[in-house]
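Notes to accompany the following structure.
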Number of protein chains: 2
Amino acid sequence: MNADAAALKKTRLFGGINEREFSELLAYLAPRCAEYDRGEYLPKPETTRAFGLVLSGAVLLLRDDRRGDRNLILRASAGDTFWESQAICQRCADLDAVAEEKARVFWISAEKAAGPHIAECAGYCRFTRNLLSAVAEKELVLCEKITHMGRRTTRQKLMSFLESQSRSYGSRVFDIPFSRQQLADYLSVDRSAMSAELSALARDGMIKYERSHFELL
Amino acid sequence: MNADAAALKKTRLFGGINEREFSELLAYLAPRCAEYDRGEYLPKPETTRAFGLVLSGAVLLLRDDRRGDRNLILRASAGDTFWESQAICQRCADLDAVAEEKARVFWISAEKAAGPHIAECAGYCRFTRNLLSAVAEKELVLCEKITHMGRRTTRQKLMSFLESQSRSYGSRVFDIPFSRQQLADYLSVDRSAMSAELSALARDGMIKYERSHFELL
DNA sequence: AAAGGTATGTTGTATTTACAACACGGGAGG
DNA sequence: CCTCCCGTGTTGTAAATACAACATACCTTT
């Protein structure tokens, strides 16, 4: 638990909170910890409205449809929360969470974290702001995905994504955090068609790439 | 201002807050009010990080690309907030806001609403939770849009949207809140192609519709 | 009632995509 | 070293879409 607590303290959710407040918050929230193997679907909290906080590893939020097409919504890496909006609104968004690699997850009750009684804890004020900031940040991430998905052609979707990556890295050379299949799922296009379009973009002198390493020309 | 205050009190953001707390909050937040005509683009707050709260009318959040294609993200109706995530994160999502009809908007400083000093107001605790809940709710709305957009064909996108509308109305008969062009922009497809697909759905006995009135068969 | 504007439906064609099947190469493990 | 597996690139074809142009219905205004 000591290693967990240390990891917990470094997350954005618990940022700017001192030792005493941290202990008090932790005692109140009493999160339970669980570990999941690569590829494992995380159990959806039924009765208790809980959200996840990734301590280590990574969790993919996605939605599979009946035909086998997968829509990759976002990746929650160490320090990120997930399922928090469903938990806070008590309304199901029906997103699946899958461990991308071996992942350690803290489950935090939304009733506690976003309920009125949290106010009885020291440091709750900063904690609540952190939570708000995390949810807001996630909304921006979703908006970005929507921007890419909203483009009409695969080429436009790819360029929108690549330019966005380039911007966030502050360089025209960068690595993307997705495999080809993941990127295709993220942009909601066919993988092989996307691969072909990547080739076409390189042939047209728009980009250079090898594996996950890209350069905008 | 009296009418505005009354409208303000009815919004979700100020729900569950009593008269005295309301006055104190309002005095602290000191929102400024503005009115916009149908079709008017709302000015983006540059220096002051502010978000909008719609008092009356409706505001469309969208993104136009160079080619003239419009991506309709969501509609903020009376009582809804918008641009709050950008304001909270102090990071621009570059979404445009357009008055769908004559709209009255309160501009609230995010530094005040989500900053530490809000804690000096009575009722801030409930207010903060309301704000958190509003942002979380919006994330779910975006997830829903992503679900529809993520489907591969126009037919699937339409059915995903219509089934979602049917669920939220609790009936297989319902009205949709979009014009054809708006719906096409929302689903990121071509309007005329979408119209054709609606006809095909009706021909195939999947749906009946007239104007905005739909029935799932 | 007439007229003009807007929203919606229709159709044909060029473009783009999905889909399927396969080729290729690198890495892991025996 | 060999083999298997997985990720990636390629290609051809059928299907779906965007696009443009036009037809029709509806609403508003005069």
Side-chain angles (χ1 to χ4, degrees), chain A residues 38-39 60 64-72 98 100-102 148-162 175-204 206-214, chain B residues 38-39 60 64-72 98 100-102 148-162 175-204 206-214:
Chain A
R38 174 187 160 85
L60 298 178
D64 292 314
D65 68 14
R66 303 141 205 163
R67 307 202 14 269
D69 287 328
R70 166 172 288 191
N71 192 342
L72 180 54
V98 180
E100 186 182 19
E101 48 192 275
K102 194 178 186 66
H148 307 324
M149 286 178 70
R151 298 297 156 93
R152 292 298 199 270
T153 65
T154 301
R155 170 172 291 226
Q156 290 174 332
K157 289 175 188 175
L158 278 169
M159 287 310 290
S160 174
F161 169 76
L162 292 174
D175 292 309
I176 64 169
F178 292 132
S179 72
R180 290 290 181 276
Q181 184 63 61
Q182 286 179 330
L183 182 54
D185 292 339
Y186 178 75
L187 298 177
S188 266
V189 295
D190 179 72
R191 182 199 61 79
S192 64
M194 188 190 75
S195 263
E197 197 57 41
L198 278 173
S199 299
L201 278 168
R203 179 162 21 82
D204 294 349
M206 311 275 292
I207 64 173
K208 275 196 227 173
Y209 69 96
E210 191 192 331
R211 297 258 164 191
S212 296
H213 191 72
F214 282 77
Chain B
R38 173 187 162 85
L60 298 178
D64 292 314
D65 68 15
R66 303 142 205 163
R67 307 202 14 267
D69 288 328
R70 166 171 288 191
N71 192 341
L72 180 54
V98 179
E100 185 182 21
E101 49 192 275
K102 194 178 185 66
H148 307 323
M149 287 178 70
R151 298 298 155 95
R152 291 299 199 269
T153 65
T154 301
R155 171 172 291 226
Q156 290 174 332
K157 289 175 189 175
L158 279 170
M159 287 310 292
S160 174
F161 169 75
L162 292 174
D175 292 310
I176 63 170
F178 293 132
S179 73
R180 290 292 182 276
Q181 184 62 61
Q182 286 179 329
L183 182 53
D185 292 339
Y186 178 75
L187 298 177
S188 266
V189 296
D190 179 71
R191 182 198 61 78
S192 65
M194 188 191 74
S195 263
E197 197 57 41
L198 277 174
S199 300
L201 278 168
R203 180 163 22 83
D204 294 349
M206 311 276 291
I207 64 173
K208 275 196 227 173
Y209 69 94
E210 191 192 332
R211 295 260 163 191
S212 295
H213 191 72
F214 282 78

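Residue numbers start from 1 in every chain, and the chains themselves are labelled A, B, ... in the order their sequence lines are given, proteins ahead of strands. Reckoned from all heavy atoms, side chains included, excluding hydrogens, waters and symmetry mates.
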- Task: Check the distance between dG25(C)'s P and Glu210(A)'s CD and give it to me in whole angstrom.
- Result: 13 Å

- Message: Once you measure the plane-to-plane angle for Phe214(A) and Tyr209(A), does it fall in the parallel (<30°), tilted (30-60°) or perpendicular (>60°) bin?
- Response: parallel

- Item | N or O in side chain of Thr154(A) less than 4.0 angstrom from dT17(C) OP1/OP2 | yes

- Side chain of Asp190(B) (C-beta onward), nearest among dT17(C), dG9(C), dA18(D): dA18(D)

- Out of curiosity, Asp204(B) CG to Glu197(B) CD, how far, rounded to the nearest 0.5 Å? 8.0 Å

- Distance, rounded to the nearest Å, where Leu201(A) contributes CG and dT10(D) contributes C1': 16 Å

- Base, sugar-phosphate, or nothing for Phe178(B), non-hydrogen atoms under 4.0 angstrom? nothing

- Query: With no angle test and no hydrogens, is the base of dA18(C) tied to the side chain of Ser192(A) by a donor-acceptor pair under 3.5 Å?
  - Reply: no

- Reported CG-to-CG distance for the pair Leu183(B) and Leu198(B), which is rounded to 0.5 angstrom: 7.0 Å

- How long is the line joining CZ of Arg151(A) and P of dT16(C), in whole Å? 16 Å

- Rounded distance in Å - CZ (Arg155(A)) to P (dA18(D)): 17 Å

- Item | Between dG7(D) (P) and Arg211(A) (CZ): distance, integer Å | 10 Å

- Message: Can you tell me if Thr153(B) touches the phosphate of dA16(D), counting only side-chain N or O atoms and a distance under 4.0 Å to OP1 or OP2?
- Response: no

- Item | Ala193(A) side chain, from C-beta outward: closest of dT17(C), dG7(D), dT11(C) | dT17(C)

- Item | Side chain of Ser195(A) - closest among dT10(D), dA16(D), dT8(C) | dT10(D)

- Message: Need one value for Ser179(A): base, sugar-phosphate or nothing, where a base atom within 4.0 Å counts as base even if backbone is also close, heavy atoms only.
- Response: sugar-phosphate

- For the side chain of Asp69(B), counting heavy atoms from C-beta on, which of dG9(D), dC19(D), dC19(C) is nearest? dC19(D)

- So which nucleotide from dT10(D), dT8(D), dA16(D) ends up closest to the side chain of Arg180(A)? dT8(D)

- Rounded to whole Å, CE of Met194(B) lies from C1' of dA16(D) at a distance of 16 Å

- Residue whose nearest DNA chain C nucleotide is more 5′ - Arg191(A) or Arg152(A): Arg152(A)

- Of all heavy-atom pairs between Lys157(A) and Ser188(A), which one has the smallest distance, and what is that distance? NZ-O, 4.3 Å

- Between CD on residue Glu210(A) and CG on residue Asp175(A), distance to nearest 0.5 Å: 11.0 Å

- Note on the structure: Separation of dT17(C) atom P from Glu197(B) atom CD, nearest Å, is 18 Å

- To the side chain of Arg38(A), which of dA18(D), dG9(C), dG7(D) is closest? dG7(D)

- Task: To the nearest 0.5 angstrom, please state how far the CE atom of Met149(B) sits from the CG atom of Asn71(B).
- Result: 5.0 Å

- Item | Out of dT11(D), dA20(D), dA18(D), whichever nucleotide has its closest atom nearest the side chain of Ala196(A) | dT11(D)

- Query: How many Å lie between NZ on Lys157(A) and C1' on dA18(D), as a whole number?
  - Reply: 12 Å

